Amino acid sequence: MRLATWNVNSVKARLPRLLDWLATTRPDVLCLQETKCAATAFPTAEVGELGYTVAAHGDGRWNGVAVLSRVGLDDVTRGFRDEPGFPDPEARAVAATCAGVRVWSVYVPNGRTPDSPHFLYKLTWLAALRDALADDLARGPLAVCGDFNVAPTDADVWDPALFVGSTHVTPPEREALAELRRLGLTDVVPTPMKGPHPYTYWDYRAGMFHQNKGMRIDLVYASGDLAALVGGAYVDREARKGKGPSDHAPIVVDLTEGGTPPTAPAAGP
DNA sequence: ATGGCGCATCCAATGCGA
């Protein structure tokens with residue numbers, strides 16, 4: 001199975017690039033974040049022509065997540081039990097079972113600044129997500145994919161000194177990720193296609209991408225049984241190039257079938 | 001080459017992103 005995740009920063013604005021990418025990369029399952037459209041406005045027919053069915057969760061202007069699959073899409077859930085809101089729950093999580101794998105697409109709240117109420121919302125949301133995942137993990141192989149808005153380590157930001165006092169790098173945020181890993185989830189770290197750091201996000205401004213000043217904030221957390229099947233994973237930074245990209249690049253994870261360990265790990269397209 | 005914010009919205013000034 002080829003599993004991927006991508007914060008597209010508006011699925012409508014990104015539709016031509018999304019369709020090209022789907023046709024080229026052919027993931028079996030794709031998690032999307034920041035679709036920025038209502039579920040009813042999702043371009044279901046367009047991706048359907050490429051063989052994908054859609055589970056979309058959207059509330060309009062902001063947020064919005066989806067799971068696209070061409071290997072089945074069962075038991076779709078939007079949001080989760082006791083999901084916090086700001087103040088009302090937002091469209092930040094959708095899950096579906098695809099070919100026996102429980103797949104979550106999540107868009108973790110940004111947090112804005114550490115002294116903002118939105119920061120507490122972020123931590124509360126992550127804690128509630130952990131509880132919801134604990135229930136799902138008992139049922140079989142699971143992958144949580146998405147924009148976590150947390151850089152797990154200092155190596156995951158281009159200049160740690162500049163991030164002191166900012167969100168995405170604070171101990172409480174990193175502890176919230178550690179709590180997810182303590183459930184038995186493994187951080188599937190992708191191979192960068194260039195440079196030593198598997199960054200997944202580069203700000204649009206000031207030439208950050210071409211200077212490779214990025215952050216690794218999009219993550220794939222896989223249950224142990226699933227993580228053992230990972231044959232390769234990479235950041236598709238090609239998708240960040242050119243005219244009209246998202247500010248995030250997709251992560252692509254290849255899983256071997258049938259429970260046999262990978263023999264020749266390979267990264268890249 | 002990888003190129004210097006972009007997206008959505010009561011349409012234009014603002015909220016949001018990290």
Side-chain angles (χ1 to χ4, degrees), chain A residues 6-18 21 32-43 56 58-66 85-88 90-92 106-123 125-126 146-170 172-174 176-177 192-219 234-250 268-269:
Chain A
W6 193 7
N7 179 324
V8 286
N9 186 17
S10 171
V11 71
K12 290 181 191 170
R14 218 63 59 210
L15 189 58
R17 290 185 71 122
L18 173 63
W21 188 85
L32 296 177
Q33 301 86 37
E34 283 207 82
T35 55
K36 293 185 175 177
C37 75
T40 51
F42 196 93
D59 49 23
R61 182 174 181 181
W62 289 305
N63 314 309
V65 288
F86 194 77
D88 300 316
E90 302 171 313
R92 295 184 176 275
V106 300
Y107 177 50
V108 176
N110 173 287
R112 300 181 188 172
T113 59
D115 59 354
S116 163
H118 208 264
F119 186 77
L120 183 58
Y121 168 46
K122 180 179 195 174
L123 296 178
W125 195 91
L126 280 166
D147 179 353
F148 284 73
N149 272 319
V150 181
T153 73
D154 279 352
D156 296 314
V157 297
W158 61 275
D159 186 352
L162 286 182
F163 284 85
V164 172
S166 299
T167 57
H168 295 64
V169 300
T170 67
E173 291 167 277
R174 288 176 171 168
L177 290 189
M193 286 169 66
K194 181 183 178 184
H197 303 288
Y199 298 144
T200 62
Y201 163 84
W202 300 261
D203 196 294
Y204 283 124
R205 291 166 284 194
M208 298 293 270
F209 178 62
H210 76 266
Q211 297 174 72
N212 199 26
K213 294 178 175 177
M215 305 173 74
R216 184 171 81 97
I217 53 175
D218 300 272
L219 307 173
Y234 67 96
V235 180
D236 188 0
R237 69 190 302 285
E238 295 297 314
R240 181 63 178 78
K241 298 180 181 178
K243 182 177 169 58
S246 169
D247 44 0
H248 295 250

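The structure presented is a predicted model; accordingly, all values stated were derived computationally and were not measured. Naming convention: chains lettered A, B, ... in sequence-line order (proteins, then strands); numbering from 1 in each chain.
Per the geometry, CZ belonging to A:R237 stands 10 Å off C1' belonging to B:dA1, to the nearest Å. Atom CD in A:E173 sits about 12 Å away from atom P in B:dA18, given to the nearest Å. The NE2-P distance, from A:H118 to B:dC16, rounds to 8 Å in whole Å. In this structure, CZ of A:R216 is placed 16 Å from C1' of B:dA18, rounded to the nearest angstrom. Rounded to whole Å, the distance from CG on A:D203 to P on B:dG3 is 14 Å. Here B:dG3 presents its P atom at 16 Å from NZ of A:K213, a figure rounded to the nearest Å. Residue A:K122 contributes atom NZ, which lies 15 Å from atom P of B:dC16 at whole-angstrom precision. Note: CG (A:N63) to P (B:dG17) measures 8 Å, nearest angstrom.
For A:H168 and A:N149, the side-chain atoms include at least one donor-acceptor pair closer than 3.5 Å. Residues A:N9 and A:K36 bring a donor and an acceptor atom of their side chains to less than 3.5 Å of each other.
Residue A:M215 is in sugar-phosphate contact alone, with no base atom involved, counting any heavy-atom pair closer than 4.0 Å across all strands shown. Residue-level contact check: A:F163 touches neither bases nor backbone, having no heavy atom under 4.0 Å from any strand. At the heavy-atom level, A:E34 lies under 4.0 Å from the strands shown only through sugar-phosphate atoms.
The aromatic rings of A:F163 and A:W158 stand perpendicular to each other, their planes meeting at an angle above 60°, with 30° marking the opposite boundary. Ring-plane geometry between A:F86 and A:H118 is classed as perpendicular, the angle between the planes exceeding 60 degrees on a 0 to 90 degree scale with a lower cut at 30.
A:T170 meets the side chain to side chain donor-acceptor pair (under 3.5 Å) test with A:E173; sequence neighbours excluded. Applying the side-chain contact (heavy atoms from CB on, under 4.5 Å) criterion to A:A56, with sequence neighbours excluded, gives A:A39, A:F42, A:V54, A:A66. For the side chain to side chain donor-acceptor pair (under 3.5 Å) test, residues two or more places apart in sequence or in another chain that qualify with A:K213 are A:Q211. Shown here are the ring pair (Phe, Tyr, Trp, His ring centres under 6.0 Å) partners of A:F209, two or more places apart in sequence or in another chain: A:W202.
Residue A:H248 places no side-chain N or O under 4.0 Å from the OP1 or OP2 atom of B:dG17.
Two residues, A:D147 and A:H210, neighbour DNA chain B, and the one matched to the more 5' nucleotide by heavy-atom proximity is A:H210.
Side chain of A:T167 to main chain of A:G111: no donor-acceptor pair is present (N/O by atom type, distance under 3.5 Å, no hydrogens or angles). The backbone N or O of A:A155 sits nowhere less than 3.5 Å from a side-chain atom of A:R216 that would complete a donor-acceptor pair.
B:dG3 and B:dT9: their P atoms are spaced 27 Å apart (whole Å). Nucleotides B:dA8 and B:dA13 have their C1' atoms positioned 12 Å apart, rounded to a whole Å. To the nearest whole angstrom, the two C1' atoms, one in B:dC10 and one in B:dA18, are 29 Å apart. For the C1' atoms, the distance from B:dC11 to B:dC7 is 14 Å, rounded to whole Å.
Residues from residues 106-115 of chain A lying near DNA chain B, meaning a heavy-atom separation below 4.0 Å, are A:Y107, A:N110, A:R112 in numerical order.
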Protein proximity profile, nucleotides 6-14 of chain B - base contact B, sugar-phosphate-only contact S, no contact -, cut-off 4.0 Å on heavy atoms
SSBS----B
